[in-house]
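The structure appears right after this line, and notes come after that.
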Amino acid sequence: MPDFEIPALLETVFEKSDISEDTRKLLSAPNRKLEASVPLRRDDGSLDVLRAWRVQYDTTLGPGKGGVRFHPDVDAREVTELAFWMTLKCALLELPFGGAKGGVQVDPKALSPLEVERLARGYVAAVADIIGPDRDIPAPDVHTNPRIMGWMADEFSKINRSHQPAAMTGKPVCLGGSEGRIAATGCGALIVLREWIERQDKRPADVSVAVQGFGSAGGHFACLAHEAGFRVVAVSDSKTAVHDEADLDPRPIFECKRNGDAEGVLYCEKSVADEDGKEEIGQEELLKLEVDVLALAAMENAVTKKNAKGIRAPLILEIANGPVSADADEILRERDHVMLPDILVNAGGATVSYFEWIQSRTGEYWREEQVTERLEARMVDAATRVFDRAEADDVPAREAAYALAVERIARAVASRGNRSYFAG
Ligand code: GLU
């Protein structure tokens with residue numbers, strides 16, 4: 001399989017938006033890819049050597065920005081694809097960042113907390129030469145969390161022999177993290193959903209939601225959606241799913257799962273079914289529920305051409321990165337499903353990471369209300385631009401979002417010197 005090819009949709013956008021040849025060439029492959037072997041000393045004294053990557057896809061708009069994923073399926077192709085999406089996400093939200101991503105091929109749940117700490121520090125040591133506040137700023141992603149980002153920030157400061165809080169985002173608040181960062185992805189997704197619902201003249205109480213994925217993004221989203229009056233009727237995690245047609249209050253379920261926040265525990269061990277009294281259903285069954293909104297908050301390719309035809313929700317909210325494969329996207333569009341795209345819907349995390357970067361650089365910290373207010377303004381603005389553009393051009397929201405992002409990058413590329421300028 002080739003390392004990475006830009007999606008066909010981007011080619012369409014290049015044509016329709018008359019994107020310059022320079023930009024097309026620059027966006028056709030990543031700026032920089034680092035592949036490393038990270039040695040991990042296990043608690044029993046043995047040594048594992050793990051494969052790891054950091055990819056800076058495009059840095060036209062600023063330093064690279066994007067999370068680090070610890071997962072057994074991570075490979076060069078996935079990290080590159082995720083870095084590509086980060087490039088579009090940051091451009092769409094008008095953040096002064098390019099796009100990057102990192103990952104380690106590992107099952108972190110099979111490691112002890114001390115082993116995870118050594119891994120986090122080892123990863124930073126492996127990529128230290130290419131990251132930093134003005135180069136590339138890592139953040140949490142799948143199976144990385146504030147505690148892990150705190151270790152990473154600490155390691156980077158040690159390597160540089162100076163305090164470097166702006167080199168990482170998603171840190172614990174006591175180590176210079178931002179208020180509101182933990183709930184930011186879920187909060188941003190809810191703002192996008194609310195904006196969409198308002199455009200359809202619907203009220204939250206009329207809208208039922210099923211949430212696939214109950215980690216940090218999906219869990220916060222489900223709780224906030226419930227509090228905002230949406231009818232959250234089902235949630236699932238990597239173990240199982242629960243359903244309650246009347247309205248399932250996701251808050252105690254999240255609380256129960258998040259016993260993982262207890263001192264010394266890095267990952268949740270419980271499942272959504274551990275809070276009793278709910279009907280358990282299969283995870284695939286959740287995807288097929290007759291609900292108004294299906295929120296996909298787990299991993300890439302939750303919906304592929306294999307299960308796309310079984311989806312009944314008219315609206316799909318992409319909280320994970322790439323949860324709908326390209327061929328499933330086509331099937332769903334043909335069947336008139338609306339998909340609100342990942343680079344818009346899940347951009348709240350990257351946006352509050354930007355706020356954290358500002359705070360870490362200036363040393364001036366904001367209150368939670370200030371963060372929420374600024375996040376709200378940025379998400380409403382981005383959602384409005386995407387929805388207006390989709391309407392004006394009569395294209396799906398994903399295409400509109402790609403066009404807005406790529407046009408912004410193209411303007412920056414041209415401002416740095418374009419063909420006619422050099423041709424004299
Ligand atoms: N990993 C998150 C994402 O995919 C956050 C990235 C960041 O905060 O830089 O958007």
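We count ligands from 1, going down the list as the structure has it; atoms in each ligand are counted the same way. Model, not experiment: these values are computed from the prediction. Every heavy atom of this structure was used, including side-chain atoms; hydrogens, water molecules and symmetry mates were not.
- The aromatic rings of Phe84 and Phe4 sit tilted relative to each other, their planes meeting at an angle between 30° and 60°.
- No side-chain donor-acceptor contact under 3.5 Å links Thr304 to the backbone of Ser325.
- Checked by atom type, the side-chain pair Ser157/Glu155 shows no donor-acceptor distance below 3.5 Å.
- For ligand 1, residues of the protein lying within 4.0 angstrom by heavy-atom distance are Lys65, Gly66, Gly67, Met86, Lys89, Lys101, Ala139, Pro140, Asp141, Arg181, Asn321, Gly349, Ala350, Ser353.
- With hydrogens and angles disregarded, a donor-acceptor distance shorter than 3.5 Å links the side chain of Lys171 to the backbone of Met168.
- Partners of Glu81 by side-chain hydrogen bond (donor to acceptor under 3.5 Å, both in side chains), not counting sequence neighbours: none found.
- Relative orientation of the Phe97 and Trp357 rings is perpendicular, given thresholds of 30° and 60° on the angle between their planes.
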